[in-house]
Amino acid sequence: MTAMIPAAAWGYQISSYPGTGGIWLRRAAVPHTGVVMPDDTDSANGPTSGSASSEAQRRTELGAFLRLRRERTTPEDAGISRGTRRRTPGLRREEVAQLSGVGVAWYTWLEQGRRINPSVQVLDAIARTLRLDRTERDHLYRLADIPGVPLDVSATQPQPPEHQTILDALIPLPATIVTARYDVLAFNDAYAALDPGLALLPAADRNVLWHLFTAEEHLQPLVEWEREVSFMVAQLRAESGRRLGDPHWTGFIRQFSETNGRFAEIWARHEVASSVTRRKSFWTVDGDEISVIATGFAMASTPDTKMWIYTPDDARSQRLLGLLVGRYQELGPAELLRRGARTGGAGRSSAH
């Protein structure tokens, strides 16, 4: 029996497919075939016309992008049999839908530019089916109007060798490459000399913020711990606002808040800050203080990452840093820590 949509102005229909948003339907006394006509008409109950033109253009671009990538993906790429009666140059819509775990009608509406709101999880599944690379996947998220792009860069992924070459060439200046979430992707010996405790961690556990909140007192590198971590959490809050709904970020924040009460307390302040050049001071393993200027540079080759370079702020800091780097390269992080006092000054803030 054919379903009928009763006549009225506008209605909002919740999708029956997990992970997908609702769609706006124009109600009319016509059979409901699963095809929803696009609309740019102003209405008190439906989509407004203020941004209708740009939104319609975005949906059109999204549909064209998906269609062309679907046609580019061969059945063999997707691990299915080509068959003898196939006329489409790539995958069929129903094949993409099945492989991605969404409804055929829903995927058809997405490709046709209908008013639907795909979730991050659904777009991830479609991206995997269509074998999109990182740049293509990021483009898909922007066309789908997702507030933030999932961050898949991690310290466990191999970094281009030229990144390490650049970092090593900067010695004796400490330098590191970190993500917007403070995951450490690479660093040089001078940076490790400033924070040997971080260098001792497994690559997958090297997150600067996590390290600062959880490390034992003798491994804490910052002189003004409270000031610096509060600023870093404010930066994290600003970055997370650009990635609302991103499970990679929400999961990270939730786990951090549940396991560290001090972080949860600072996070609850809802303070935000931008990434700026900043003076900061480090304790050496011997309890001396090194003052540096931290300058961040965006990495065009790796989205959501920055290279931070630390320049000594005075002649004394420059001399101490040079000696410290030489000792690190001779002894390594564990022995450097063992031989050093790492007690800091009398006014040192506690991280716990």
Side-chain angles (χ1 to χ4, degrees), residues 155 163-201 206-213 215 217-236 273-299 305-333 336-337 339-351:
H163 287 184
Q164 191 63 53
T165 300
I166 294 171
L167 293 174
D168 292 340
L170 289 169
I171 295 173
L173 297 182
T176 182
I177 299 175
V178 299
T179 69
R181 209 177 60 179
Y182 295 108
D183 294 316
V184 179
L185 304 181
F187 54 88
N188 62 13
D189 285 350
Y191 182 83
L194 279 182
D195 192 357
L198 183 70
L200 288 172
L201 294 174
R206 288 175 186 156
N207 179 280
V208 179
L209 202 54
W210 192 283
H211 168 61
L212 292 175
F213 273 96
E217 179 69 12
H218 72 287
L219 297 177
Q220 292 290 341
L222 295 177
V223 174
E224 297 180 271
W225 186 91
E226 180 74 25
R227 170 179 174 267
E228 292 303 323
V229 298
S230 295
F231 182 77
M232 293 173 69
V233 172
Q235 285 184 301
L236 187 72
S274 60
S275 179
V276 295
T277 297
R278 187 172 176 84
R279 283 179 170 83
K280 58 199 310 181
S281 296
F282 289 82
W283 295 118
T284 71
V285 293
D286 305 304
D288 292 317
E289 185 176 329
I290 292 179
S291 179
V292 298
I293 299 174
T295 308
F297 301 89
M299 302 284 292
T305 63
K306 281 189 176 182
M307 177 183 291
W308 285 94
I309 301 175
Y310 300 85
T311 308
D313 195 23
D314 51 59
R316 178 179 178 277
S317 294
Q318 183 174 3
R319 178 180 61 81
L320 287 174
L321 181 60
L323 294 173
L324 185 65
V325 173
R327 292 175 62 197
Y328 175 87
Q329 292 179 327
E330 176 186 357
L331 302 174
L336 183 66
L337 281 170
R339 296 191 183 188
R342 197 59 180 249
T343 57
R348 183 170 182 172
S349 299
S350 174

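D183 and R206 are not joined by a salt bridge, as no carboxylate oxygen comes within less than 4.0 angstrom of a charged side-chain nitrogen.
Of the candidates L331, D286, V285, R339 forms a side chain to side chain contact (heavy atoms under 4.5 Å, CB included) with just one, namely L331.
Applying the side chain to side chain donor-acceptor pair (under 3.5 Å) test to residues at least two apart or on different chains, the pairs with a partner in residues 315-326 are D314-S317.
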Self-check item: side-chain contact (heavy atoms from CB on, under 4.5 Å) assessment of T305 paired with V178
Solution: CA-CA 6 Å; T305 63; V178 299; over 6 Å; no

Practice problem: Please step through side-chain contact (heavy atoms from CB on, under 4.5 Å) for the pair K280 and Y310, ending with a clear verdict. | Solution: CA-CA 9 Å; K280 58 199 310 181; Y310 300 85; 3.9 Å; yes

Exercise. Could you check K306 against S275 for side-chain contact (heavy atoms from CB on, under 4.5 Å), going step by step and ending with a plain yes or no?
Key: CA-CA 10 Å; K306 281 189 176 182; S275 179; 2.8 Å; yes

Quiz prompt | Residue pair D313, V292: steps toward the side-chain contact (heavy atoms from CB on, under 4.5 Å) verdict | solution = CA-CA 5 Å; D313 195 23; V292 298; 5.7 Å; no

Self-check item: Criterion ring-ring contact (aromatic ring centres under 6.0 Å, His included) on W308 and F187, from CA distance to verdict
Solution: CA-CA 9 Å; W308 285 94; F187 54 88; over 10 Å; no

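How far CD1 of I171 is from CG of L321: 10.0 Å, rounded to the nearest 0.5 Å. To the nearest 0.5 Å, atoms CG (D195) and CG (L337) are separated by 9.0 Å. Distance check, rounded to the nearest 0.5 Å: CZ of F231 to CZ of R278 gives 4.5 Å. Note that the CG atom of L336 and the CZ atom of R327 stand 5.5 Å from one another [nearest 0.5 Å]. R227 contributes atom CZ, which lies 12.5 Å from atom CE of M232 (distance to the nearest 0.5 angstrom). Atom CD1 of I309 sits about 10.5 Å away from atom OG1 of T176, to the nearest 0.5 Å.
L167 approaches N188 most closely through the heavy-atom pair O-ND2, 2.8 Å. Taking each heavy atom of Q220 and L212 in turn, the nearest pair found is NE2-O, 2.9 Å. Residue A190 comes nearest to P172 through the heavy atom pair CB-O, 3.5 Å, listed as atom of the first residue, atom of the second, then distance. Minimum interatomic distance between Y191 and A175 (heavy atoms only, all atoms of both residues): CB-O, 3.5 Å. Across every non-hydrogen atom of V208 and V184, the tightest pair is CG2-CG2, 3.4 Å. Taking both residues in full, the closest heavy atoms of A193 and V325 are given as CB-CA, 4.1 Å, listed atom of the first, atom of the second, then distance.
A heavy-atom distance below 4.5 Å is found between the side chains of P221 and F282. Considering only heavy atoms from C-beta on, P312 comes within 4.5 Å of L173 through its side chain.
S281 places no side-chain N or O within donor-acceptor distance of the main-chain N or O of E289, the cut-off being under 3.5 Å. When atom types are taken as modelled, the side chain of Q329 and the backbone of D189 share no donor-acceptor pair closer than 3.5 angstrom.
Using cut-offs of 30° and 60° on the angle between ring planes, the pair F213 and W225 is perpendicular.
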